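In this text the structure is predicted, and so the values were computed from the model without any measurement. Values reported hereafter were calculated over all heavy atoms of this structure, with side chains retained and with hydrogens, waters and symmetry mates removed. Here is the naming used below: chain letters follow the sequence lines, and residue numbers restart at 1 for every chain.
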There are 2 protein chains.
Amino acid sequence: METSDLKKAGLKVTLPRMKILEILENSETRHLTAEAIYRELLDSGEEIGLATVYRVLTQFEAAGLVCRLHLEGNQAVFELERGGHHDHIVCNQCGRVEEFFDETIETRQREIARQHGFSIKDHALVLYGDCDDSACPHRPV
Amino acid sequence: METSDLKKAGLKVTLPRMKILEILENSETRHLTAEAIYRELLDSGEEIGLATVYRVLTQFEAAGLVCRLHLEGNQAVFELERGGHHDHIVCNQCGRVEEFFDETIETRQREIARQHGFSIKDHALVLYGDCDDSACPHRPV
DNA sequence: CGGCTCGATGATCAAGATTCTCATTTCTAT
DNA sequence: ATAGAAATGAGAATCTTGATCATCGAGCCG
């Protein structure tokens, strides 16, 4: 379970942390802003401060439990780290986020970095487009 | 010249706008924050407000004269739109930004988007790494 | 189980980036 | 030149995120 992951990271197992993990696990979209997590906690009757949400998410990120994404908006979104690296496609209309992984792109990135004399440490790739209408509700969030 | 570009975009030709274009054109790094442009204007004796810099850059972006990049930092950087699309490599040590274009990656992106039922409109790809030491000064900015 | 110690929390404040407001100035067309 | 509209500058406002600090609770020890 996750309590062990928390302890492994040197973090006490507290209610706010459990609740936040729970929300990240059960989220439909799997990509949530700190605000969204905060509101969901308030709605379910928890007494939590927004500062705690940000603090905990930052700690989770440092512990490798969570990834922080900077999409076009001004807010970062957080997703549970499930092991595999992946990049993202975002629908401009409904905000839906899908994940993908492509070895061809990964390989080319390494080659390009090498050509430029860089040792690549990380990368951020986000595709923006419109998803097909049938599957695209009007801004669900 | 650029005055025609400004007029074409429905923007009056004013001193602040000309100066900002000039700085973007003559910049060594080609990738500047709004703050950096503002400071450069102040240093050269112009009386300009930071709000104007942001306002003008946003208008330039809407007019397609300028691109806004969101790198890892919290500030956006702006670069003159010179026609060719490209992506970026950023050095984690010195902040240097280099540009590249790779048709293989572009093609794969379109294919991936299609597989996911997205019509891709845009994308953001940034590689982060360390550039080779000899060419990497210690944080020049 | 009761208490101790230190990390965790929540409320508020603060910082940094960007945008808004509005009175004043500057273009541009006439 | 002049009127009308758009642009500017200064500062306030906003939004997201991190910091502060007094209080609280988790984990450990007896």
Side-chain angles (χ1 to χ4, degrees), chain A residues 1-21 23 31-42 44-63 65-78 141, chain B residues 1-21 23 31-63 65-78 95 141:
Chain A
M1 262 300 52
E2 286 71 23
T3 64
S4 59
D5 292 325
L6 287 180
K7 283 178 183 159
K8 226 173 293 173
L11 298 173
K12 283 186 181 174
V13 179
T14 65
L15 201 64
R17 285 176 182 156
M18 300 291 282
K19 289 290 181 187
I20 290 173
L21 270 184
I23 287 178
H31 299 83
L32 295 169
T33 64
E35 272 282 334
I37 294 171
Y38 175 59
R39 269 180 286 127
E40 197 161 327
L41 283 167
L42 288 189
S44 63
E46 299 297 326
E47 289 204 0
I48 196 170
L50 181 54
T52 301
V53 177
Y54 275 106
R55 200 189 300 124
V56 167
L57 286 171
T58 302
Q59 292 164 335
F60 283 3
E61 186 191 17
L65 299 175
V66 147
C67 277
R68 184 192 302 246
L69 296 203
H70 296 278
L71 305 182
E72 283 281 288
N74 26 359
Q75 301 187 73
V77 304
F78 297 84
V141 180
Chain B
M1 261 300 53
E2 286 71 24
T3 63
S4 59
D5 292 326
L6 287 180
K7 283 178 182 161
K8 225 175 293 172
L11 299 173
K12 284 185 182 176
V13 179
T14 65
L15 200 65
R17 285 175 181 157
M18 299 291 282
K19 290 289 181 188
I20 290 174
L21 269 184
I23 286 177
H31 300 83
L32 295 169
T33 64
E35 273 281 336
I37 294 172
Y38 174 60
R39 268 180 286 127
E40 196 161 328
L41 282 167
L42 288 188
D43 288 352
S44 62
E46 298 298 325
E47 289 204 358
I48 196 170
L50 181 55
T52 301
V53 177
Y54 275 105
R55 200 188 299 125
V56 167
L57 285 170
T58 301
Q59 293 163 335
F60 283 3
E61 186 190 18
L65 299 175
V66 147
C67 277
R68 183 193 302 246
L69 297 203
H70 296 278
L71 305 183
E72 282 281 289
N74 27 0
Q75 301 187 72
V77 304
F78 297 84
V141 180

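- Considering only heavy atoms from C-beta on, A/Q59 stays 4.5 Å or farther from A/L65 through its side chain.
- The nearest whole Å value for the distance from the CZ atom in B/R17 to the P atom in D/dA6 is 11 Å.
- Taking every side-chain heavy atom of B/A51 into account, D/dA10 is the closest of D/dT20, D/dA10, C/dT28.
- The CD-P distance, from A/Q59 to D/dA19, rounds to 11 Å in whole Å.
- The nearest whole Å value for the distance from the NZ atom in A/K7 to the P atom in C/dG7 is 17 Å.
- The CZ-P distance, from B/R68 to C/dA17, rounds to 14 Å in whole Å.
- In terms of phosphate contacts, B/T33 brings no side-chain nitrogen or oxygen within less than 4.0 Å of OP1 or OP2 of C/dA17.
- Along DNA chain D, the nucleotide closest to B/G10 and the one closest to A/Q75 are compared, and the more 5′ of them pairs with B/G10.
- Between B/L57 atom CG and C/dA17 atom P the separation is 15 Å, expressed in whole Å.
- Taking atom CD1 of B/I48 as the reference point, atom P of D/dG11 lies 15 Å away to the nearest angstrom.
- Put simply, the side chain of B/E35 does not reach to within 4.5 Å of the side chain of B/V53, judged on heavy atoms.
- Minimum atom distance to the side chain of A/K12 is reached by D/dG27, of the listed D/dG27, C/dG10, D/dG9.
- With hydrogens and angles ignored, the 3.5 Å screen pairs a side-chain donor or acceptor of B/R17 with a backbone N or O of B/K12.
- The nearest whole Å value for the distance from the CG atom in A/L11 to the P atom in D/dG27 is 11 Å.
- Listed nucleotides C/dT18, C/dA17, D/dG4 differ in distance to B/N74; the shortest reach to its side chain belongs to C/dA17.
- Each of B/P16 and B/F78 lies near DNA chain C, and the nucleotide nearest B/F78 is the one positioned closer to the 5' end.
- When the side-chain nitrogen and oxygen atoms of B/Y54 are compared with OP1 and OP2 of C/dT18, one or more of them lie within a distance under 4.0 Å.
- Heavy atoms of A/A76 sit under 4.0 angstrom from primed sugar atoms or phosphate atoms, though from no base atom.
- If you check D/dG9, D/dT17, D/dT20 against the side chain of A/R55, the one that comes closest is D/dT20.
- Taking side-chain N and O atoms only, B/T14 has a distance below 4.0 Å to OP1 or OP2 of D/dT8.
- With contacts defined as side-chain heavy-atom distances shorter than 4.5 Å, the pair A/T14/A/V56 does not qualify.
- Rounded to whole Å, the distance from CD on A/E35 to C1' on D/dT14 is 13 Å.
- Looking at B/I20 and B/V66, their side chains never come closer than 4.5 Å, going by heavy atoms from C-beta outward.
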